[in-house]
Amino acid sequence: MADALSIIALKQKLLTGELDVVEHTEMILQEAEKLNPSYHYFNVISSNLARVQAQELRREIQTALKLKDKKKLQVLQQKKLLGIPISVKDAICVKGVESTAGSRILKGYLPPFNATVISRSVNEGGIIIGKTSQDEFGFGGFNVNVGLGYQVPKNPFDKNRTTGGSSGGGSGFTQLTKYTHVSLTESTGGSIVEPAAFCGVVGLCPTYGRVSRYGLMDFANSLDKIGATGKTTADVAVLLQSIAGFDQKNATTADVPVEDYSSFVGKPIKGLKIGVVSVAFGDGTDSFVAERVWKGIKSLESQGASYEEVNLDLPITMGVPTYYLIATSEASTNLAKYCGLRYGKHEPLEGSFNEYFTQVRSKNLGEEAKRRIMLGTFARMAGYRDACYLQALKVRTKMIEEYKKLFTKYDVLMTPTAPIVAPKFDEIAKLTPLQHYMIDIFTVGPNIAGLPHISVPVGKQNGMPVGALAIADHFKESTLIKLGGALEKTCGAGQCACD
Amino acid sequence: MAKIVPMAKTVNTATEIFTSDVVIGLEIHVQLDTESKLFCGCATQPTKKQREQGQDVPNSRTCEVCLGMPGSKPVFNEKVLQYALKLCLALNCAIAPELIFSRKSYFYPDLAKNYQITQYEKPLGSNGFLTLPTGKKVGITRVHIEEDPASLVHPGGNLANASSASSVLIDYNRSGIPLCEIVTTPTITNPEEARAFMNKLIIILHYLGIFDEKNSVIKADANISIKKSGYIRSEVKNVTGFKEIERALFYEVGRQQKAVDSGERLVLDTRGWDPNKGLTFRMRTKETEADYGYILDTDLVAIDVTQDLLTQIKHEMPELADAKIAKYTDQHGISKLDAEVLAQEKKLAELFEKVSKKVDPLLAAKWLRRELVRVMNYNKQTFDDLLIDETHMIELLDLIEKKVITEHVAQRLLEQLIVKPFSPKAYVQKQGLGALSDNKQIEKICKEVIAENPSVVQDYKKGNEKSLHFLIGQVMRKTQGKATPKEVNEIMKKLLK
């Protein structure tokens with residue numbers, strides 16, 4: 001991994017003709033094909049689409065070089081992702097490429113349109129190499145709740161361990177590939193940063209509304225955010241910049257200018273005020289995880305940042321239940337369309353409509369999807385709605401207030417991304433659903449509040465990576481990128497100086 | 001006595017109505033006449049050309065949003081808010097400070113998403129009323145915006161036979177068309193009132209210009225119960241048109257009364273209306289109220305209904321029929337009935353207002369409300385395709401007022417005017433259609449008629465009054481209506497003495 005070029009470096013080599021875009025694409029496709037049978041990072045490797053895109057770029061680059069067409073070269077130079085291989089979480093629609101959100105019920109579904117993040121990435125010269133593994137519809141923290149017939153991806157450092165989830169495939173491949181690569185990932189309650197931490201890569205989940213959700217198969221509309229996962233903060237910054245910004249097709253995108261995120265990588269952090277959430281370093285968090293993250297914080301301090309320990313109440317105590325009530329309520333309505341009529345696997349037409357769709361859903365949805373549909377349906381039923389769904393919305397507002405107050409004093413809040421390193425599959429199998437849900441304890445807060453957050457590797461413990469989580473105020477992604485770059489200086493991605 | 005069950009989604013503001021023999025509440029769905037759908041850019045109607053050439057193809061006006069494709073997101077059409085606000089104001093509603101949408105979840109083949117985007121928590125309009133011609137106020141519980149589902153096409157014919165059909169087709173052209181749902185309080189006490197309510201509502205929609213009667217649909221669900229049963233209500237679904245609502249309710253009241261009289265115990269049910277057979281039929285029983293598990297639709301951001309917007313909408317509101325009726329009766333002394341007919345059609349009212357500035361309003365009212373309406377009905381014309389303009393109408397009425405032409409000639413002219421407009425004044429001059437003022441000339445024609453019809457004259461002299469009418473008719477024909485019947489009558493009687 002250390003050998004991989006940064007996005008900016010690869011782009012330069014492609015533009016000077018030192019490297020060929022088709023050959024580079026071919027190499028990463030072959031690698032993906034080779035790794036997939038044992039690691040299961042991809043649900044689909046979109047070789048045909050990638051080759052067509054690469055060949056088109058090659059033509060453009062070669063023509064411009066041959067003719068010494070400065071204007072054309074300038075246009076190509078401005079493409080932020082020129083020739084960069086990008087993997088995409090399965091829930092994000094890619095036109096003509098099977099997109100199932102990791103569920104058997106959508107097996108064979110070919111979206112007739114591109115998600116906005118796809119059209120923007122392709123517009124910037126990005127090459128789509130495949131759809132990555134995820135928990136079915138995003139329902140999980142360990143990527144073990146894959147849909148029926150799908151394989152569970154394996155941690156790049158230890159095949160007996162989880163990649164984390166739900167964006168597990170994208171994070172795992174980003175770590176394992178030798179080549180330059182970034183991944184479009186998605187978070188509802190922590191699905192970008194948690195697998196990033198478990199796989200030792202950088203994951204950035206932007207502010208809710210910063211990136212268009214158009215073309216994302218919904219899990220929970222008020223929580224879903226598409227973000228970026230990469231080997232370095234610098235790569236993540238480039239991808240985020242390519243996809244961020246207002247989209248008239250998605251009413252919840254914000255018309256807030258997009259900053260030049262790349263310019264914040266390597267900027268000094270002198271004066272940065274960090275609130276360290278002390279409760280996240282106590283009971284329930286493995287001591288070596290706490291230790292690694294503390295080291296990271298100290299390294300930031302040595303670069304001129306200051307920190308204070310702070311209390312965080314509601315997001316820690318009420319975060320998980322609040323998150324699950326809102327997320328499952330929304331999810332249970334989003335999944336209703338998969339009934340075997342317009343969407344969802346067609347089964348033999350038997351019985352009434354009710355009998356038919358019940359059969360389709362019973363056969364083709366996994367256990368966790370069914371559990372969440374039932375949870376969510378219950379939470380919004382008359383009689384329970386006030387106590388569950390509406391109460392959760394009120395708590396959400398309180399949480400946002402609590403965060404907003406802290407951000408008047410601090411630029412970022414920091415915790416470990418997860419209280420443990422990636423657990424082994426046999427450990428996960430012993431967890432109850434509730435214990436399973438608790439893995440999100442530090443990540444649900446910023447997700448509920450729509451706050452941008454980043455996970456950056458801060459070293460390894462017994463060979464397994466640990467991630468530090470930093471949360472910033474709405475639309476302050478640039479602060480997180482600055483912080484990510486600074487952490488990497490001493491704790492560089494997967495190669496922490498502390499090791 | 002059985003438990004009194006309050007109407008769905010209505011607030012019983014007047015408990016005393018539950019002493020009435022019949023209790024009716026309406027839920028009316030109006031398709032709003034916007035160009036594009038509620039949450040996407042698809043057209044709501046085929047183009048004129050497509051319609052004329054019969055090319056209104058099913059599933060042609062659809063996109064990923066109104067088909068509910070995975071990943072698609074709704075974006076609100078602001079025009080709908082403007083239309084709906086006009087309706088809320090016309091129905092005297094309180095307006096919500098913001099527009100928010102919810103998901104109403106139920107599995108049904110006409111819903112691509114298996115939930116409908118509608119308003120639940122805070123409807124756009126609430127606590128309004130509509131005054132019937134009798135002066136009775138019917139309360140409006142709520143007015144809200146929602147999306148129309150797709151339409152189910154039953155190849156076997158109507159819904160009543162649907163259960164025996166082996167297939168059903170779905171047309172998503174209707175999916176996502178904006179609807180306003182209007183819910184009344186259960187204060188309607190007979191089918192005639194329900195009809196009057198619907199009629200009044202349609203007039204309001206016309207004035208507001210938010211409903212296209214030709215190409216769009218207005219549908220009512222009626223909740224109906226009778227005292228005898230302890231107000232066990234039935235919901236009659238999807239009745240189209242205000243005449244049908246009266247028929248359906250009339251049938252349903254009778255059915256419930258008969259059932260109770262024969263000792264049957266009514267149960268809550270949902271019924272369909274078969275307009276061909278003129279009866280309601282059970283679709284399903286309702287053991288409990290359906291639970292739609294409403295949650296907010298967070299793909300749609302809350303939209304502030306600002307004071308600026310409200311001011312703008314109020315400014316754009318036309319004068320409505322009620323105000324016009326009051327104006328016509330108070331200012332011009334026109335009878336209430338005539339004023340109501342004039343105000344019923346916006347175009348007729350506008351024509352009247354222009355014409356009555358130049359000619360006697362009473363004469364104008366009489367001619368527009370009676371003659372013009374009669375001639376148009378005869379020609380099966382609607383006021384939307386009215387060709388006549390006020391200058392022609394003013395000329396015509398001026399000719400009548402000044403007795404230049406007889407009413408008979410004026411009627412004939414009006415018949416031609418609505419087919420192809422022309423200047424009545426020039427035409428009368430050119431064709432010599434002016435009224436005959438020379439009694440001698442009329443007398444001459446009368447004599448001719450007497451000479452030509454000896455047997456009829458004899459009949460008259462024997463005392464058959466009808467024979468005189470025939471003779472007068474002959475004179476009118478010969479004069480092309482230029483003589484007034486009154487004068488001919490007098491002359492004839494004198495000659496036949």
Side-chain angles (χ1 to χ4, degrees), chain A residues 91-93 99-101 106 109 111-116 208-209 212-218 220-224 247-254 326 329-330 332-339 341-344 349 353-354 356-358 376-385 389-390 393, chain B residues 8 39-41 59 62-78 99-117 120-121 150 152 162-163 166-168 170 172 175 284 288-303:
Chain A
I92 300 169
C93 289
S99 300
T100 68
L106 273 166
Y109 179 70
F113 63 96
N114 272 329
T116 298
Y208 181 82
S212 171
R213 291 181 293 117
Y214 196 82
L216 170 70
M217 294 177 181
D218 306 302
N221 315 64
S222 73
L223 292 159
D224 295 345
D247 178 12
Q248 59 172 11
K249 287 178 173 175
N250 180 191
T252 59
T253 50
I326 297 172
S329 291
E330 294 184 12
S332 62
T333 64
N334 286 322
L335 264 59
K337 69 175 68 168
Y338 307 116
C339 68
L341 186 70
R342 276 204 72 81
Y343 310 106
L349 278 168
F353 178 57
N354 285 1
Y356 172 70
F357 79 71
T358 304
T377 306
F378 179 84
R380 59 189 170 83
M381 263 167 66
Y384 302 96
R385 193 173 170 269
Y389 174 68
L390 291 178
L393 293 186
Chain B
F39 297 121
C40 63
N59 295 306
T62 58
C63 70
E64 59 241 37
V65 175
C66 55
L67 290 174
M69 283 187 181
S72 68
K73 307 277 182 281
V75 177
F76 181 65
N77 175 358
E78 301 266 345
L99 180 69
I100 51 171
F101 286 100
S102 294
R103 293 177 174 181
K104 177 181 181 176
S105 290
Y106 60 98
F107 282 77
Y108 205 70
D110 65 2
L111 277 178
K113 306 185 290 290
N114 282 324
Y115 62 80
Q116 180 193 28
I117 305 178
Y120 180 64
E121 245 86 8
L152 296 182
S163 54
S166 66
S167 71
V168 57
I170 308 177
Y172 290 89
S175 174
R284 55 187 176 267
T288 50
E289 289 294 340
D291 187 346
Y292 294 115
Y294 288 97
I295 60 166
L296 298 175
D297 193 319
T298 48
D299 276 341
L300 292 153
V301 287
I303 295 169

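Here is the naming used below: chain letters follow the sequence lines, and residue numbers restart at 1 for every chain.
Distance check: A:Leu390 CG to B:Leu296 CG gives 7.5 Å after rounding to the nearest 0.5 Å.
Proximity to chain B (any heavy atom under 4.5 Å) is shown, for A:Ala115, by neither the backbone nor the side chain. Proximity to chain A (any heavy atom under 4.5 Å) is shown, for B:Phe39, by neither the backbone nor the side chain. There is no contact between A:Tyr384 and chain B, counting heavy-atom distances below 4.5 Å. Only the side chain of B:Ile170 has a heavy atom closer than 4.5 Å to any heavy atom of chain A. Heavy-atom distances place the side chain of A:Tyr208, and not its backbone, under 4.5 Å from chain B. Both the backbone and the side chain of A:Tyr214 come within less than 4.5 Å of a heavy atom of chain B. Interface remark: A:Leu335 contributes no atoms to any contact with chain B (heavy atom separation under 4.5 Å). Using a 4.5 Å cut-off between heavy atoms, B:Tyr292 contacts chain A through its backbone alone, with no side-chain atom that close.
Between A:Cys339 and B:Asn114, the shortest heavy-atom contact is SG-ND2, 3.3 Å. Residues A:Tyr109 and B:Pro70 come closest through the heavy atom pair OH-CD, 3.4 Å. Across all non-hydrogen atoms, the minimal contact from A:Thr333 to B:Ser105 is CG2-OG, 3.4 Å. Across every non-hydrogen atom of A:Pro112 and B:Met69, the tightest pair is CG-SD, 3.4 Å. Between B:Pro74 and A:Ala251 the shortest heavy-atom distance is O-CB, 4.4 Å.
Distance alone, capped at 3.5 Å, is enough to place a donor-acceptor pair between the B:Lys73 side chain and the A:Leu216 backbone. Side-chain N or O atoms of A:Tyr389 include none that pairs as donor or acceptor with a backbone N or O of B:Tyr294 at under 3.5 Å. Looking at A:Lys337, its side chain never comes within 3.5 Å of a backbone N or O of B:Ala112 through a donor-acceptor pair. Without hydrogens or angle criteria, A:Asn221 side chain to B:Asp299 main chain gives no donor-acceptor distance under 3.5 Å.
Under the side-chain contact (heavy atoms from CB on, under 4.5 Å) criterion, A:Ser332 pairs with A:Ile373, A:Thr377, A:Arg380, not counting sequence neighbours. Qualifying side-chain hydrogen bond (donor to acceptor under 3.5 Å, both in side chains) partners for A:Asp224, counting only residues two or more places apart in sequence or in other chains: A:Thr188.
Between chain B and the options A:Met217, A:Arg342, A:Gln248, A:Glu330, the largest number of non-hydrogen pairs under 4.5 Å is found for A:Arg342. With respect to chain A, the highest number of heavy-atom pairs below 4.5 Å among B:Leu111, B:Val75, B:Asp297 belongs to B:Val75.
A side-chain donor-acceptor contact under 3.5 Å links A:Asn334 and B:Arg103.
Here B:Glu121 pairs with A:Arg385 in a salt bridge; the nearest charged N to carboxylate O distance falls below 4.0 Å.
Using a 4.5 Å heavy-atom threshold, the side chains of A:Asn354 and B:Tyr108 count as separate.
In this structure, the ring of A:Phe357 has its center less than 6.0 angstrom from the ring center of B:Phe107.
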